[in-house]
Amino acid sequence: MQDERKESLNFIEQIIETDLANGKHSGRILTRFPPEPNGYLHIGHAKAIWINFELAKKYGGKTNLRFDDTNPTTEETEYVESIQKDIQWLGYQWQNEPLYASDYFGQLYEYAKKLISKGLAYVDDSTPEEIASMKGTPTEPGVDSPYKSRSVEENLTLFEGMKNGEFPDGSRVLRANIDMAAPNMLMRDPILYRIKKENHHRTGDDWCIYPMYDFAHGQSDSIEGITHSLCSLEFIHHRPVYDWFIEKLEIFPSRQIEFARMNVEYMITSKRRLLKLVNEKYVTGWDDPRMPTLSGMRRKGYPAAALRTFCEKTGVAKRDNTIEINLLESCVRDELNKTALRAMVVLDPIKVVITNYPEGTSEILMAENNPEDVSAGERQMPFSREIYIEREDFMEDAPPKYFRMTPGKDVRLKHAYILHCEGCEKDEFGLVTTIYATYYPNSKSGSDVSGIKPKGTLHWVDAHASRTCEVRLYDRLFTVSDPLADENTDFINFYNKDSLQTVHNAKIEPGIVFTDPLTHYQFFRLGYFCIDQDSSSEALVFNKTVGLKDTFAKEVKPTP
RNA sequence: UGACCCAUGGUGUAAUUGGCAACACAGCAGAUUUUGGUUCUGUUAUUCUAGGUUCGAGUCCUAGUGGGUCAACCA
């Protein structure tokens, strides 16, 4: 069978296929993912990772992991570890060992001297303030630095002095000699090197001058032979700088291509703001399940496959976008529906006494683990005279379309019997304490000859055999889809105080025992959950990943 | 008083590169259902504006409008 529709290509794929057709780089494709090791990876990085790795894979190429570690003041080894873990968890493996921009410090230094020798770079003694003021504005050209006209020899000597630690931090910089009147401000003699007498996480005290992004990134691409250097739109103004160095240095011509970063409703990715959430304890850490970090989403129970599907479905283009959280959750549900084992958990238990079930006896019922996957097998569920059901699954005075337990009506217990509700007992405040029902002995699941067809089916657990567990219910971190929309209101004002609700007294069927954290379950009729790392064999803790689609809730209580 | 990027249903992305505007998610309606889940069927809704080129424009040209980005010794 052949696809009738021609596969549509995104704009980067079109560029690559054109390059391939022209025999560029002999058909070799090499991309790279270049994180700065100064923070945790988030949903936006996931998209960048997906694009770089999937594109290379599609065209028979490879992808490098390169840490852009040119700023010793902010970068730490801790992040190097977490970033690698996150990428691998997402399902990708880079070519060979991880690479570092710092591996190229020696080569970069030589490049700088070459530029100086060609009269294309100079040492500037101006203060940061002076450099800023001479830079001009977007609408006014800058003015030349008084040091711009230094001789090649003097520049070489001074630059070597910078490298040898002869000058204090911030006293001098090396700048490219381009054009202070360029309409693109990045072309107004960008700074190449600054003096920082700081310990670097990999090169230690070998260097006291460190290259800036513009003099490290493109050159690193070139050194590695990256064919397609894919980055987000905000780097578009850097492309002329990127190309200028390649041309003047006469090095391998990597090509920078910019795509629009992915934004998602209710998520923020600003490092500063995420840090605030962590530091000021709005969340429990970088891996709090409410965080948009990969570690947070992983702990929340989002499968890597769902994230990959999400990246694929959101596409690659150049216009600003905000993806509905809907789509993400749809991808997560779709994946988990196929893979998650079903389990019965009652979050807000209320006891049901089945009055015609013989006292002191019990039986074992069989329950399929996943109706979407018979190979997942079956498990045993004990059943007896007393069970728990969800408090909200009982109403004394129910509207006509209420298909759950209500006096005088029948309801099915999943994998068990049909119950006829007789009534309930209440305490002095009118709170229902116990529900009474009778069961139809001939209505057992799988061998039901009762002929009764109740509208509703409930989840339940045996009152005596079930165990108590903790369930953490997560909701969106913010009360509005775009907490940054109003520049006059700090995003923290939109923090959702109800984003975490902890249930301490949930009842879980005895067959579900402590296994690896991240094991996924679908709690019947409630949603998808996974075992949290805080669990032990004595105390199970679950995180809510995402709820089931709930068309009933929408019908009875339409929320704005 | 600048440069650059972008503009297609509610959201996102397509349109064989100038030839019937479609796919997914969301919405709505229905069928099925021992999960008010899943699945299935149907359905609502789209080319920023004004000119121009053309037999024909979402696509090309011009102007405008709207949105975004750029002035760290950050990346």
Side-chain angles (χ1 to χ4, degrees), chain A residues 5-10 14 34-36 38 68-71 73-75 101 124 126-128 131-133 135-142 169-175 182-188 191-196 209-210 212-214 216-217 231 233-240 258 260 262 265 271 313-331 333-334 337-338 342 344 371-372 401-404 411-416 418 443 445-446 448 453-459 522-527 547-556:
Chain A
R5 294 187 66 86
K6 197 174 171 186
E7 184 207 12
S8 69
L9 302 174
N10 67 49
Q14 289 179 22
E36 183 188 12
N38 73 343
D68 237 336
D69 56 350
T70 57
N71 186 356
T73 51
T74 57
E75 293 149 4
D124 195 331
S126 308
T127 65
I131 289 180
S133 70
K135 196 131 200 172
T137 70
T139 53
E140 304 159 32
D169 283 14
S171 59
R172 287 186 162 91
V173 292
L174 183 72
R175 303 179 71 178
N184 177 349
M185 296 200 64
L186 292 167
M187 290 290 272
R188 320 239 262 229
I191 293 171
L192 271 34
Y193 269 96
R194 75 282 217 190
I195 303 171
K196 274 180 188 259
I209 55 170
Y210 291 94
M212 297 287 289
Y213 168 84
D214 278 321
H217 193 90
C231 61
L233 238 36
E234 64 259 38
F235 289 96
I236 197 163
H237 298 108
H238 292 259
R239 180 155 31 105
E258 311 85 14
M262 179 176 73
E265 286 181 337
K271 213 166 280 175
K313 287 191 171 182
T314 50
V316 179
K318 293 185 75 166
R319 62 172 137 157
D320 298 330
N321 61 81
T322 302
I323 314 292
E324 291 180 338
I325 191 77
N326 256 324
L327 181 60
L328 212 204
E329 294 185 343
S330 159
C331 292
R333 287 193 191 100
D334 189 55
N337 179 49
K338 293 182 291 191
R342 312 289 127 127
M344 299 257 226
E372 309 289 324
K401 291 185 85 176
Y402 187 81
F403 301 146
R404 307 178 188 183
V411 71
R412 159 72 67 184
L413 293 179
K414 181 69 181 177
H415 299 311
I418 296 171
S443 67
S445 235
D448 180 5
K453 299 284 178 204
K455 283 275 205 181
T457 301
L458 303 185
H459 60 285
Q522 185 204 93
F523 290 174
F524 219 77
R525 297 209 307 137
L526 295 177
L548 256 23
K549 226 162 94 177
D550 190 351
T551 47
F552 176 67
K554 209 176 307 182
E555 198 173 305
V556 288

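Convention: sequence-line order gives letters A, B, ...; per-chain numbering from 1.
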Calculate the interatomic distance between [X] atom [atom1] and [N] atom [atom2]; express it in whole Å.
X        : N      : atom1 : atom2 : value
A:Arg194 : B:rC74 : CZ    : C1'   : 7 Å
A:Asn71  : B:rA72 : CG    : P     : 15 Å
A:Asp550 : B:rU38 : CG    : P     : 10 Å
A:Leu328 : B:rA24 : CG    : C1'   : 14 Å
A:Phe552 : B:rG36 : CZ    : C1'   : 7 Å
A:Leu186 : B:rA75 : CG    : P     : 13 Å
A:Arg525 : B:rU34 : CZ    : P     : 15 Å
A:Lys271 : B:rC74 : NZ    : P     : 14 Å

Across the strands shown, which category fits [X] at heavy-atom distances under 4.0 angstrom: base, sugar-phosphate, nothing?
X        : answer
A:Ser126 : base
A:Phe235 : base
A:Tyr402 : base
A:Thr73  : nothing
A:Gln14  : base
A:His238 : base
A:Thr74  : nothing
A:Gln522 : base
A:Arg333 : nothing
A:Gly527 : nothing
A:Lys453 : nothing
A:His217 : nothing
A:Pro34  : nothing
A:Leu548 : base

Donor-acceptor pair present, [X] side chain and [N] base, under 3.5 Å:
X        : N      : answer
A:Arg404 : B:rG36 : yes
A:Glu234 : B:rG68 : no
A:Arg412 : B:rU34 : yes

Pick out the pairs of N or O atoms, protein on one side and nucleotides 3-6 of chain B on the other, that lie under 3.5 Å.
unit_1	atom_1	unit_2	atom_2	d
B:rC4	O2	A:His237	NE2	3.4

Partners meeting salt bridge (Lys or Arg N to Asp or Glu O under 4.0 Å) with [X] (sequence neighbours left out):
X        : result
A:Arg239 : A:Glu258
A:Arg188 : none
A:Asp320 : none

Got a sec, which residues hit ring pair (Phe, Tyr, Trp, His ring centres under 6.0 Å) with A:Phe524, two or more places apart in sequence or on another chain? none
Sorted by chain and residue number, the ring pair (Phe, Tyr, Trp, His ring centres under 6.0 Å) partners of A:His459 (sequence neighbours excluded) come out as none
How far does the [atom1] atom of [N] sit from the matching atom of [M], given to the nearest Å?
N      : M      : atom1 : answer
B:rG42 : B:rA7  : P     : 32 Å
B:rG37 : B:rU32 : C1'   : 13 Å
B:rU35 : B:rG9  : C1'   : 33 Å
B:rU69 : B:rG12 : P     : 16 Å
B:rA50 : B:rG66 : C1'   : 15 Å
B:rU39 : B:rC25 : P     : 9 Å
B:rC4  : B:rU43 : P     : 47 Å
B:rA24 : B:rG56 : P     : 34 Å

Measure from the side-chain heavy atoms of [X] and tell me the nearest of [options].
X        : options                : value
A:Phe524 : B:rA75, B:rU35, B:rC25 : B:rU35
A:Ser330 : B:rU13, B:rC25, B:rU35 : B:rC25
A:Thr139 : B:rU35, B:rU1, B:rG36  : B:rU1

Can you tell me if [X] touches the phosphate of [N], counting only side-chain N or O atoms and a distance under 4.0 Å to OP1 or OP2?
X        : N      : answer
A:Lys196 : B:rC74 : yes
A:Arg188 : B:rA71 : no
A:Ser8   : B:rU13 : no

Taking side-chain contact (heavy atoms from CB on, under 4.5 Å) as the definition, give me every residue that meets it alongside [X], ordered by chain and number, with sequence neighbours left out.
X        : answer
A:Asn326 : A:Glu324
A:Asn10  : A:Ile12, A:Glu13, A:Val316
A:Pro371 : A:Arg342, A:Glu368

Report all side-chain donor-acceptor pairs from residues 135-142 of chain A shorter than 3.5 Å, counting only partners two or more places apart or in another chain.
unit_1	atom_1	unit_2	atom_2	d
A:Thr137	OG1	A:Thr139	N	3.2
A:Thr137	OG1	A:Thr139	OG1	3.3
A:Thr137	OG1	A:Glu140	N	3.1

A:Leu186 side, atom CG; A:His238 side, atom NE2 - distance, nearest 0.5 Å: 4.5 Å
Range-with-range stems of RNA chain B (Watson-Crick or G-U pairs under 3.5 Å, three or more in a row):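 Listed by first number, the stems are B:2-7 with B:65-70, B:10-13 with B:22-25, B:27-31 with B:39-43, B:48-52 with B:60-64.
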Could you go over nucleotides 39-44 of chain B and give all protein N or O partners under 3.5 Å, atom names and distances?
none

With syn defined as a glycosidic angle within 90° of 0 and anti as the rest, where does B:rU17 land? syn
In terms of heavy-atom contacts, does NZ of A:Lys271 have more than 12 from other residues, nucleotides or ligands at under 6.0 Å?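 More than 12 heavy atoms, drawn from other residues, nucleotides or ligands, come within 6.0 Å of this atom.
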